[in-house]
Q: 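This structure is in structure tokens; I'll ask about it shortly.
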There are 2 protein chains.
Amino acid sequence: MNKEKTMNNNQHTNCCHHDNCSGNNESCVAIVPIFNHLEKSQMEEIMGVTHSVAYKKGEVIYSAGDQADSLYIVNMGRVRIYRLSEAGKEQLLRILKPGDFTGELALFNETLHEAYASAMVDTSICTVKRLDLQDLLLKYPSISLKVMAEFSRRLERAERQTTRLATEKVDTRIALFLAECLEVGSMNNEITLPMSKKDLASYLGTTPETISRKLYELETLGYIRLISNKKIQIIDLDSLLLI
Amino acid sequence: MNKEKTMNNNQHTNCCHHDNCSGNNESCVAIVPIFNHLEKSQMEEIMGVTHSVAYKKGEVIYSAGDQADSLYIVNMGRVRIYRLSEAGKEQLLRILKPGDFTGELALFNETLHEAYASAMVDTSICTVKRLDLQDLLLKYPSISLKVMAEFSRRLERAERQTTRLATEKVDTRIALFLAECLEVGSMNNEITLPMSKKDLASYLGTTPETISRKLYELETLGYIRLISNKKIQIIDLDSLLLI
DNA sequence: CGAAATCTTGACCGATCTCAACTTACGTGG
DNA sequence: CCACGTAAGTTGAGATCGGTCAAGATTTCG
């Protein structure tokens, strides 16, 4: 278990409202895609209800069972969203990058969080309270459209992942994951795994041992080359996707 | 393959606009949870942009690859939403009942459908065009809140299902599914499977053979009793959930 | 630099899939 | 309403994918 997990997660190193902080809020709000089409005056109004909070690496942002009453928008850093299965097994659901948000699940339903969120590195987050957000959405309906667009993308991804887990075998799931990492034209078809292999295993519904073995197998087949722990070169994408 | 699948899915038996149909639209709109808090005048405006369409059992409503430009709201009947894996395996994603909707995924992103929708029985559906819907959402922001609430529930479900597929074994997934079927206090703890075992298998990421064997096993353990093909009595829910 | 976590590799085993044969349920048409 | 054909469901035997456990190598980070 991570050392910082024992830290009380209410002891944030920084928790400021818009008018008494060092201007971080502005940058926070500015980068959020769901807000970035608004005018300056509206932005300022939004900044008025957002709160910027900093989390240290490993710190828990929320836990399953917590009352969900805020939207969390990542300003800087990385956030792991994971669940525990009924048997207590941890499963990585997704990783948030700056501009991504979470916490919306229960925002509209007044329920409890069903997942955990923790900072993978030192992270800065903007939060908006449920009621403040609802006011904003009612006042500026165009924000809703953005939020819904984001929701629909998330839903799409979640359902695609579900299908993969249900129908593809481990080989294929790994291959598809590698192919997705390639997306943004990287040099030499070289990708950097965005997470530890342990996390990757849980994300793909398998074990670190199997990941290790399958990657070796793919290398033997000549489809990939294992450069270092986190770096992999994709040599034959087409064959990879035909597995 | 279903016989009706060969039928051109543009040949609907009934496709009427609000002002020239037998009043079905009103009932359609009325039952939709995302609209049901509105006033009468607003309802009428909404009915003005909705279209009611009837589908015969087995008919395809949309296919993966189709341009997604409408929201589909089920008025009557049942709709199967399913995907095909890269290997061509079919996986059931969810079943829509009256009041549920689909098609929102690409509604905000102008992309293509990634799933298939087909009528499980004779079904009546209301559709709203993308642009009409966006107008409505901008005009009546409270609808957006309802839609987002529904989205977040869907997302929650999808992520829960993902976790189960990734971390639980087949026994457990079946047990959890049975337990969920029990939800609404049914007589004698007797449940009726909402789908064929073939579909159930694909929903749970397994095969009909395994479903069959596991159910028999659960009966042997005394946790359930197989009454008929689609009826199962839950005898020991607690033990069932401890598998 | 050293402790702790992650990763790798091997051996083994068991859950689940596959294939095949058979039975049962269901919808259609006479 | 029954008979028939097709799809769904069941059961068995065998194969295998992938999980588990354990030991050792490597990486990470204070």
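Heavy atoms only: backbone and side chains are in, while hydrogens, waters and symmetry mates are out. To find a chain, count down the sequence lines: A is the first, B the second, and so on, and within it residues start at 1.
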Q: Is there a side-chain contact between A:Lys57 and the phosphate of D:dC29, meaning an N or O under 4.0 Å from OP1 or OP2?
A: yes
Q: Are B:Glu159 and A:Arg94 ion-paired here, with the side-chain N under 4.0 Å from a carboxylate O?
A: yes
Q: Using a strict cut-off of less than 4.0 Å between a Lys/Arg side-chain nitrogen and an Asp/Glu carboxylate oxygen, indicate whether A:Glu156 and B:Arg154 qualify as a salt bridge.
A: no
Q: Within the 4.5 Å heavy-atom criterion, are B:Lys197 and B:Leu215 side-chain neighbours or not?
A: yes
Q: Determine, for A:Tyr216 and A:Arg213, whether the Lys NZ or Arg CZ falls below 6.0 Å from the six-membered ring centre while staying within 45 degrees of the axis.
A: no
Q: Give the rounded distance in Å between these two atoms: CD1 of A:Ile227 and P of D:dT26.
A: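 After rounding, the reported distance stands at 19 Å.
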Q: Starting at CG of A:Leu226 and ending at P of C:dC7, how long is that distance when rounded to a whole Å?
A: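 My rounded result for the distance is 13 Å.
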Q: How close or far is atom P of D:dG18 from atom NZ of A:Lys89, stated in whole angstroms?
A: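 It is 14 Å, rounded to the nearest whole Å.
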Q: Quick one: is D:dG19 close enough that its OP1 or OP2 comes under 4.0 Å of any side-chain N or O from A:Thr207?
A: yes
Q: Kindly determine whether B:Lys169 and B:Thr172 satisfy side-chain contact (heavy atoms from CB on, under 4.5 Å), including the steps that lead there.
A: CA-CA 6 Å; B:Lys169 43 185 172 183; B:Thr172 315; 4.1 Å; yes
Q: Atom CD1 of B:Ile211 and atom P of D:dT11: how far apart are they, to the nearest Å?
A: 14 Å
Q: Identify, residue by residue, the members of residues 197-206 of chain B with a heavy atom below 4.0 Å from DNA chain D, and return them in order of residue number, or none.
A: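 Output list: B:Lys197, B:Lys198.
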Q: Decide yes or no for A:Ile61 and A:Tyr116: does some side-chain heavy atom of the first lie under 4.5 Å from some side-chain heavy atom of the second?
A: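 No. Closest side-chain heavy atoms not under 4.5 Å.
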Q: So for A:Glu209 and D:dC21, does any side-chain atom that can act as donor or acceptor lie under 3.5 Å from a complementary atom in the base?
A: yes
Q: Mind listing the residues from residues 168-180 of chain A sitting with a heavy atom below 4.0 Å of DNA chain D? Number order is fine.
A: A:Lys169, A:Val170
Q: Expressed as a whole number of angstroms, how long is the span from B:Glu217:CD to C:dG14:P?
A: 15 Å
Q: Output the rounded distance in Å from NZ (A:Lys214) to C1' (D:dG18).
A: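 So the NZ-C1' distance, A:Lys214 to D:dG18, works out to 7 Å.
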Q: Just do the salt bridge (charged side-chain N to carboxylate O under 4.0 Å, His left out) check on B:Asp171 and B:Lys214 with the steps written out, would you?
A: CA-CA 7 Å; B:Asp171 298 327; B:Lys214 296 292 181 185; 3.0 Å; yes
Q: What is the distance, to the nearest angstrom, from the CG atom on A:Asn229 to the P atom on C:dT9?
A: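 Rounded to whole Å, this separation is 12 Å.
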Q: Map B:Pro208 and A:Arg213 onto DNA chain D by nearest heavy atom, then report which one ends up closer to the 5' terminus.
A: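 Upstream on the strand: B:Pro208.
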Q: In this structure, how many angstroms lie between the C1' atom of D:dT26 and the NZ atom of A:Lys231, rounded?
A: 18 Å
Q: Between B:Arg160 and A:Glu114, does at least one N-O distance fall below 4.0 Å, as a salt bridge requires?
A: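 Salt bridge: yes.
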Q: Give a yes/no answer on whether the side chain of A:Ser196 brings an N or O atom under 4.0 Å of OP1 or OP2 in C:dT6.
A: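 It does not, given that no N or O in the side chain of A:Ser196 lies less than 4.0 Å from OP1 or OP2 of C:dT6.
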Q: May I ask you to decide whether B:Glu150 forms a salt bridge with B:Arg153, counting only side-chain N to carboxylate O separations under 4.0 Å?
A: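 Here B:Glu150 pairs with B:Arg153 in a salt bridge, since their nearest N and O are under 4.0 Å apart.
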